[in-house]
Amino acid sequence: MIHIALPKGRLGEKAYQIFKSLGYGCPEIEEDNRKLIFENPENDVCYFWAKPSDVPVYVERGAADIGIVGKDILLEHGSDVYELLDLGMGKCRMAVAGIRGHRPAADKTLRVATKFPNIARSYYASQSREIEIIRLNGSIEIAPLLGLSDVIVDIVETGTTLKENDLEPFETIVPISARLIANKASYKFQYDAIRTICEKIEAERSAQT
Ligand code: PRP
């Protein structure tokens with residue numbers, strides 16, 4: 001049986017629909033209930049809902065054989081897992097943003113508010129820019145507006161949140177999308193089952209394009 005970690009939310013629901021369309025359905029997961037783990041022995045799958053940022057933890061430690069996770073989370077956590085496929089969904093970008101028209105001075109330590117301190121640190125290290133990280137957990141956009149930071153490093157999807165708060169993207173750090181990841185031991189010992197899943201996803205994607 002393959003254990004699959006799905007990120008709670010829209011991305012996970014979309015990912016489940018892909019698995020279902022490929023023959024890995026699990027009717028119980030579609031019922032309106034508060035359960036978190038669902039097994040379908042008929043299709044040899046067991047799904048569970050995890051907080052998106054926890055998906056790589058389950059996969060890295062083998063509690064899940066495979067999982068769906070955003071590239072942002074993978075980069076931030078530097079998880080020791082195999083990244084098997086870019087699923088081409090959940091597309092957005094990691095960007096530096098700040099108050100519209102107010103580029104911060106280049107000669108001062110830059111105060112960077114973010115939920116992604118590792119991504120921010122390595123981005124600015126690559127530019128030899130001195131920064132101070134201000135670690136926040138959400139609503140990052142308000143930090144520059146309240147003078148807490150000079151810029152933010154955050155996910156930009158449609159750009160609406162920035163626009164509606166008089167902010168603008170200054171630089172793109174990296175494009176982001178959902179990835180299929182696998183536990184390293186599972187990939188070895190359940191190779192055929194995991195490869196079959198990958199091949200089916202790839203075939204479905206190329207049929208769509
Ligand atoms: C994310 C991100 C931005 C927003 C970007 O927030 O942190 O705030 O989405 O989307 P947009 O470009 O389409 O407006 P999320 O909803 O995850 O909430 P958060 O404030 O907890 O980070």
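This one's a predicted model, so the numbers in the text were calculated from it and none came from an experiment. Every heavy atom of this structure was used, including side-chain atoms; hydrogens, water molecules and symmetry mates were not. The residues of the chain are indexed from 1 along the displayed sequence. Ligands are counted one by one from 1 in listed order, and the atoms in each one are counted from 1 as well.
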(request) Could you tell me which residues satisfy side-chain contact (heavy atoms from CB on, under 4.5 Å) with T161, sequence neighbours excluded, listed by chain and number? (result)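 In terms of side-chain contact (heavy atoms from CB on, under 4.5 Å), with neighbours along the sequence ignored, T161 is linked to E141, N165.
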(message) Which residues pass the side-chain hydrogen bond (donor to acceptor under 3.5 Å, both in side chains) test with S206, not counting sequence neighbours?
(response)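 If we apply the side-chain hydrogen bond (donor to acceptor under 3.5 Å, both in side chains) test to S206, skipping adjacent residues, there are no hits.
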(message) Pairs of nitrogen or oxygen atoms closer than 3.5 Å, one from D154 and one from ligand 1: do any exist?
(response) yes
(message) Has D150 got a side-chain atom pairing as donor or acceptor with R111's backbone, closer than 3.5 angstrom?
(response) yes
Distance from [atom] to nearest protein heavy atom, with residue and atom:
| atom | value |
| --- | --- |
| atom 11 (P) of ligand 1 | T158 OG1, 3.3 Å |
| atom 5 (C) of ligand 1 | I155 O, 3.5 Å |
| atom 14 (O) of ligand 1 | T161 OG1, 2.4 Å |
| atom 18 (O) of ligand 1 | K115 NZ, 4.5 Å |
| atom 20 (O) of ligand 1 | S139 N, 2.8 Å |

(request) May I ask you to check whether F48 and F38 place their ring centers less than 6.0 Å from one another? (result)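 Here the rings of F38 and F48 have centres that are no less than 6.0 Å from each other.
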(message) Check E76 with K115, please: is the shortest side-chain N to carboxylate O separation under 4.0 Å?
(response)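 Between E76 and K115 there is no salt bridge, as every charged N stays at least 4.0 Å from the carboxylate O atoms.
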(message) Check this for me, if you would: do K71 and E83 make a salt bridge, where the nitrogen-to-carboxylate-oxygen distance has to be below 4.0 angstrom?
(response)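 Yes, this pair counts.
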Kindly indicate whether [atom] is approached by any protein heavy atom to under 4.0 angstrom.
| atom | result |
| --- | --- |
| atom 7 (O) of ligand 1 | yes |
| atom 16 (O) of ligand 1 | no |
| atom 1 (C) of ligand 1 | no |

(request) Assess whether atom NZ of K200 is packed by more than 12 heavy atoms of other residues, nucleotides or ligands within 6.0 Å. (result) yes
(message) Does the residue V156 have a heavy-atom contact with ligand 1, meaning some pair of atoms that are separated by less than 4.0 Å?
(response) yes
(message) Give the atom numbers and elements of ligand 1 that come within less than 4.0 Å of a heavy atom of G159.
(response) 11 (P), 12 (O), 13 (O)
(request) Consider only side-chain heavy atoms of I, L, V, M, F, W and Y, link residues closer than 4.5 Å, and tell whether V174 and I152 are in one cluster. (result)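 Different clusters: V174 never reaches I152 through Ile, Leu, Val, Met, Phe, Trp or Tyr contacts under 4.5 Å.
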(message) For atom 3 (C) of ligand 1, tell me which residue out of E141, E164, K163 has the closest non-hydrogen atom.
(response)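 Heavy atom nearest to atom 3 (C) of ligand 1 belongs to E141.
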